[in-house]
Amino acid sequence: MRNLEEVISLVPELHREDLDRWIRDALVEAAEEAGKATFSESQFARVRLICTLRYDMDVEEETLPVVLDLLDQLHDTRVRLHKLSQAVLAQDEEVKAAVLQALSETRRSGRG
C-alpha cells in the first residue's frame, strides 16, 4: 500500500487536484488507513495509467471514464480467457482436440 504523498512523489507529473478529483469521480479507489488515503499496487498502477492517458496522450477529462471502462472490460476479458484456457488445458486430450477443432472451424467460417 502506498499513501497519497508517496503516490504524488513517485509520479512527478501528477497534480494533487487531479488525483483528488479522480478519487472523487471513482476513477481510482483509495482505501483509508489511520485517516489517510492509501492505494493498493493495482490502484497505483491505475493512477499511472490515467496520468499517461491524460498528460501524455491528451485524453480529455470527460473521456477518461469511457476509456477506463473499455480498458477494464478488456482486462476482464483477458482474465476470463486465461482461466478458460487453463480449464481447457486441464482436460483430457479428446476434449482439448474438440475445443481446438471448434476454434479452427470458427476461424475458417469467418466468425472469429
Side-chain angles (χ1 to χ4, degrees):
M1 297 292 272
R2 299 178 189 270
N3 66 39
L4 189 81
E5 291 75 24
E6 185 179 11
V7 169
I8 292 170
S9 71
L10 290 171
V11 185
E13 67 274 16
L14 178 59
H15 304 286
R16 170 80 182 250
E17 308 80 43
D18 289 342
L19 182 55
D20 290 339
R21 186 174 54 259
W22 298 339
I23 294 168
R24 185 182 65 245
D25 293 345
L27 299 179
V28 177
E29 295 176 11
E32 193 171 316
E33 276 185 24
K36 295 187 178 189
T38 59
F39 301 86
S40 66
E41 287 304 312
S42 65
Q43 289 303 304
F44 176 58
R46 190 172 179 91
V47 168
R48 291 192 326 255
L49 170 63
I50 294 171
C51 286
T52 298
L53 292 169
R54 186 71 187 101
Y55 305 138
D56 298 343
M57 300 176 76
D58 295 321
V59 172
E60 295 293 329
E61 191 80 27
E62 300 79 28
T63 308
L64 281 174
V66 174
V67 172
L68 290 170
D69 183 56
L70 291 170
L71 289 170
D72 290 343
Q73 289 179 45
L74 180 59
H75 175 73
D76 291 345
T77 300
R78 290 185 70 204
V79 168
R80 290 173 47 212
L81 181 58
H82 178 74
K83 288 178 181 178
L84 177 61
S85 297
Q86 295 303 309
V88 169
L89 289 173
Q91 302 304 309
D92 61 45
E93 292 303 316
E94 185 177 324
V95 173
K96 286 191 252 187
V99 170
L100 289 173
Q101 179 66 32
L103 289 173
S104 177
E105 290 171 3
T106 300
R107 274 189 232 133
R108 278 197 299 266
S109 70
R111 295 181 295 165

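- Considering every non-hydrogen atom in both P65 and E62, the closest pair reads CD-O, 3.5 Å.
- Applying the salt bridge (Lys or Arg N to Asp or Glu O under 4.0 Å) rule to D25 yields no partners; only residues at least two apart in sequence or on another chain are considered.
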Would you be so kind as to tabulate the donor-acceptor pairs closer than 3.5 Å made by side chains of residues 93-102, with sequence neighbours excluded?
unit_1	atom_1	unit_2	atom_2	d
E93	OE2	K96	NZ	3.0
Q101	NE2	E105	OE2	2.8

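- In the hydrophobic clustering, where aliphatic and aromatic side chains (Ile, Leu, Val, Met, Phe, Trp, Tyr) are joined below 4.5 Å either directly or transitively, V7 groups with L4, I8, L10, V11, L14, L19, W22, I23, L27, V28, F39, F44, V47, L49, I50, L53, Y55, M57, V59, L64, V67, L68, L71.
- Environment of CD in E29: sparse, with no more than 12 heavy atoms of neighbouring residues, nucleotides or ligands closer than 6.0 Å.
- Here D72 pairs with R46 under the side chain to side chain donor-acceptor pair (under 3.5 Å) rule; sequence neighbours left out.
- Judged as a side chain to side chain donor-acceptor pair (under 3.5 Å), and not counting sequence neighbours, T63 has no contacts.
- Applying the salt bridge (Lys or Arg N to Asp or Glu O under 4.0 Å) criterion to R21, with sequence neighbours excluded, gives D18, E61.
- Residues meeting the salt bridge (Lys or Arg N to Asp or Glu O under 4.0 Å) test with D20, sequence neighbours left out: R16.
- Under the rule for a salt bridge (Lys or Arg N to Asp or Glu O under 4.0 Å), the partners of E41 that lie at least two apart in sequence or sit in another chain are R2.
- Residues satisfying the side-chain contact (heavy atoms from CB on, under 4.5 Å) criterion with A45, sequence neighbours excluded, are R48.
- Legend: residues meeting side chain to side chain donor-acceptor pair (under 3.5 Å) with S40, ordered by chain and number and at least two apart, are S42.
- Atom CE of M1 and atom CD of Q43 lie 9.5 Å apart (nearest 0.5 Å).
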Contacts under 3.5 angstrom, residues 75-84 side chains, donor-acceptor by atom type, not counting sequence neighbours:
unit_1	atom_1	unit_2	atom_2	d
T77	OG1	Q73	O	2.9

